[in-house]
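Here's the structure, in C-alpha cells; my notes come after.
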Amino acid sequence: MPPTLLATRGDYEAFVDRYDTFLFDCDGVIWRGNIVIDNVPATLDMLRKRGKRLIFVTNNSATSRRDYVGKFAKLGMQAAVEEIFSSAYATAVYLRDVVGFASDKKAYIIGGSGIRNELEEVGIATVGQDDTAAISLATLGDVEPSADVGAVVFGIDYDISYRKLANAHVNLTQNPDCLFIATNDDRTLPGGKHVYPGTGALLSTLIHSTQRTPLVMGKPNTPMLDCVMQKFHLDPARSCMVGDRLDTDILFGIKGGVSTLCVLTGVADEASVLSPSAPQATYYMSSLGDLFELAQ
Ligand SMILES: O=C(O)[C@H](O)[C@H](O)COP(=O)(O)O
Ligand SMILES: [Mg+2]
C-alpha cells in the first residue's frame with residue numbers, strides 16, 4: 001500500500017491521536033547539521049503537552065548522548081539522556097552485553113568523541129582517536145598491529161586520516177580475532193543545504209582494503225532495534241518511527257513492526273518515497289515542523 005500523504009490539519013490530528021510513542025530520527029528530521037528545522041521545537045513541545053512519549057534514535061555516532069542533550073538545548077529543545085539512543089550507545093551496549101568485550105582489550109576508534117565517550121562510559125578503553133598526524137611512505141612502517149586491540153570501531157569521522165585507516169587495516173588483517181564494528185553505514189549525511197559523504201561512504205575504504213565485512217549496529221540493523229525495543233517496551237500498534245531515510249529509518253520501523261512517517265527535509269524526496277521498490281512508509285509529509293499547526 002503506497003504511503004499516505006499528511007497535508008491538512010485533519011490529517012495531522014488523526015495522525016497524532018493514533019500514537020502514544022514517537023521515535024524521531026535526528027539528522028534531516030530535527031536538524032540539518034546545527035540548523036534546527038523550522039517549527040520542530042514547537043512541534044515537540046506540542047506532542048509532550050499531549051502526553052506523547054518521545055524517543056530520539058540517531059545513527060550519528062559523532063556525539064555522545066550527554067552531548068546531544070546540550071545540542072538539543074542549544075537549538076531550543078529539551079531532551080533527557082534516557083530519551084536519546086545513538087548508534088555509538090548501541091555499539092557500547094553491544095560490545096559490553098553481547099560480546100562481553102575483554103577488560104584487557106581496547107577498541108581502536110575511527111570516529112568522533114561520541115564513540116569514545118560511550119565506550120569509556122561502559123568501561124571499554126579506547127585508542128586511536130588522535131591518530132591524525134601526517135604520515136608518509138617513510139614512516140608508514142611504524143604502523144604495527146597491537147595485541148591489545150580487540151576491535152576496530154568505525155563511525156563518522158570528520159578528521160579521518162590515512163594514519164587511522166592504516167592502523168585499522170593492520171589490526172583487522174593481521175589479527176583475525178579483532179572485531180570489525182561499524183556504528184552505521186548511511187551512504188550520505190544531510191548537512192546545511194546539501195548532502196555529503198556519509199559513514200558508509202568512508203567505511204567502504206576499509207571494507208575494500210581489508211576485504212572484511214563489518215557488523216553494523218545502527219538503523220535498520222537488529223543491534224539498535226533490539227536495544228530500543230527492549231529498553232522502551234514499545235507497543236508497536238501505538239508507536240511511529242519518523243525519519244528522512246527510507247533505507248535506514250523507514251526500514252528500521254518496518255522491521256520493528258511500528259508505523260512509519262517519512263519527512264522530506266533530509267535525504268528522501270517525494271519521488272523516492274512513492275517508488276514501489278523502496279521500503280514503504282505508512283505516511284509521508286513535507287516536514288515534521290508542519291505539525292506545529294496543531295499547537296495554534
Ligand atoms: O553518515 C552518517 O553517519 C549519517 O548520515 C548520519 O549519522 C545520520 O544520522 P541520523 O539521520 O540517523 O540522525
Ligand atoms: Mg536522518
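Whatever order the structure lists them in is the order used to number ligands and atoms, beginning at 1.
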Contact check: D25 to the Mg ion (ligand 2), N/O/S below 2.8 Å:
yes
Out of curiosity, is V267 lining ligand 1, as in a heavy atom under 4.0 Å away?
no
As an exercise, identify every atom of ligand 1 less than 4.0 angstrom from a heavy atom of G198.
1 (O)
Atom nearest to the Mg ion (ligand 2) - D244, N, O or S atoms considered
OD1
Measure from the side-chain N and O atoms of T282 to the backbone N and O of T260, and report whether any donor-acceptor pair falls under 3.5 Å.
yes
For K106, I'd like to know if atom NZ has over 12 heavy atoms of other residues, nucleotides or ligands within 6.0 Å.
no
Take every heavy atom of R245, measure it against each atom of ligand 1, and state whether any distance is under 4.0 Å.
no
Tell me if a side-chain donor or acceptor on R96 pairs with a main-chain N or O of V122 at a distance below 3.5 Å.
no
May I ask you to check whether T58 has an N/O atom sitting below 3.5 Å from an N/O atom of ligand 1?
yes
Step through the shown structure and confirm whether more than 12 heavy atoms of other residues, nucleotides or ligands are within 6.0 Å of CZ on R187.
no
Regarding D249, does it place an N, O or S atom less than 2.8 Å from the Mg ion (ligand 2)?
no
Among all the protein's non-hydrogen atoms, which is closest to atom 10 (P) of ligand 1, and how far away is it?
D25 OD1, 2.8 Å
The Mg ion (ligand 2) has as its nearest N, O or S atom from D27 the atom O
closest protein heavy atom to atom 1 (O) of ligand 1 is T199 N, 2.8 Å
May I ask whether Y12 and L54 are part of the same hydrophobic cluster, defined by side-chain heavy atoms of I, L, V, M, F, W, Y residues being less than 4.5 angstrom apart, directly or through others?
yes
Out of all atoms in ligand 1, which are within 4.0 Å of some heavy atom of C26? Include the element for each.
13 (O)
Closer than 4.0 Å to some heavy atom of N60 - which atoms of ligand 1 meet that?
7 (O), 9 (O)
Check whether NZ of the Lys or CZ of the Arg R65 lies under 6.0 Å from the centre of the six-membered ring of Y89 and within 45 degrees of that ring's axis.
yes
Winner among D244, D27, N59, T188 once heavy atoms are compared against atom 5 (O) of ligand 1:
T188
On a heavy-atom basis, the closest approach of I30 and D25 is CG1-O, 3.3 Å
Count the heavy atoms belonging to other residues, nucleotides or ligands that lie under 6.0 Å from CZ of R66, then report whether that count exceeds 12.
no
Whether the side chain of Q129 engages the backbone of G111 through a donor-acceptor N/O pair (distance < 3.5 Å, no angle test) should be reported.
yes
